[in-house]
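One structure is given below, encoded as structure tokens.
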Amino acid sequence: GDSVTQMEGPVTLSEEAFLTINCTYTATGYPSLFWYVQYPGEGLQLLLKATKADDKGSNKGFEATYRKETTSFHLEKGSVQVSDSAVYFCALGNSKLTFGKGITLSVRP
Amino acid sequence: GAGVSQTPSNKVTEKGKYVELRCDPISGHTALYWYRQSLGQGPEFLIYFQGTGAADDSGLPNDRFFAVRPEGSVSTLKIQRTERGDSAVYLCASSREQGYNEQFFGPGTRLTVL
């Protein structure tokens, strides 16, 4: 079946540091790929998505590219802010979603 | 507009009891999804509805779990003979239609089985 593997966390960075959070997947068919974010005390919300190979999703300075050859969808941001502290989930699917375990990001001033 | 709402926000029950968890999707969304999230894990799919019918219930762990959506809007997840292992946050999400990419999540119901 489908699965998503995220790098182990937590991750702690200083403000303005570069961020990469790795995500790889196994899937049958052609699923869409997503990054969801959960800020402290809030519900899950969609951060960005990509629907087919080589698509790049972007939002709030975050980017991720759907790489079919490496089955990856790594999340990047050039300069993180304290307000980016949250739990990040990689997910795939077309209807029902399969999620990774999530990774906690803490950004210190 | 209003987002997905779930009630109750917290539910504490005793082992063996029956519980119902309610989800109100965003108005006009025809697809509704239930997920379960255990501590330190990502959400796991349980069931989804397209309209009134369950399109895929392959994630329900056993026959103690059942969900309905009789009028194609509000959905209720029902758990019979609860067990301690059922303790988790139960999340509901809705989307405009089946296969439409963005699912909007509710705040969840935290279920604790003592």
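- Contacts between B:Leu91 and chain A at a heavy-atom distance below 4.5 Å involve the side chain alone, from C-beta outward.
- Atom CZ in A:Phe99 sits 13.0 Å away from atom CD in B:Gln41 (nearest 0.5 Å).
- By the 4.5 Å heavy-atom criterion applied to side chains, B:Pro43 and A:Phe89 are counted as neighbours.
- Residues B:Trp34 and B:Phe66 do not share a hydrophobic cluster, clusters being chains of Ile/Leu/Val/Met/Phe/Trp/Tyr side chains in contact below 4.5 Å.
- The closest donor-acceptor contact from the side chain of B:Gln103 to the backbone of A:Ser95 lies under 3.5 Å.
- In this structure, A:Glu16 places its CD atom where only 12 or fewer heavy-atom neighbours from other residues, nucleotides or ligands lie under 6.0 Å away.
- There is no path of hydrophobic side-chain contacts, each under 4.5 Å, that joins B:Phe104 to A:Leu48.
- Linking Ile, Leu, Val, Met, Phe, Trp and Tyr whenever their side-chain heavy atoms come within less than 4.5 Å puts A:Val4 and A:Leu47 in one cluster.
- If you measure heavy-atom distances from B:Glu44 to chain A, you find no contacts under 4.5 Å at all.
- No more than 12 heavy atoms of other residues, nucleotides or ligands sit less than 6.0 Å from atom NZ of A:Lys52.
- Here the straight-line distance linking atom NZ of A:Lys96 with atom CG of B:Leu46 works out to 11.0 Å at 0.5 Å rounding.
- Neither the backbone nor the side chain of A:Glu42 comes within less than 4.5 Å of any heavy atom in chain B.
- Residues A:Leu92 and A:Tyr66 fall within the same hydrophobic cluster, defined by Ile, Leu, Val, Met, Phe, Trp and Tyr side chains chained together at heavy-atom separations under 4.5 Å.
- For the atom pair A:Leu46 CG and B:Phe105 CZ, the distance stands at 9.5 Å (nearest 0.5 Å).
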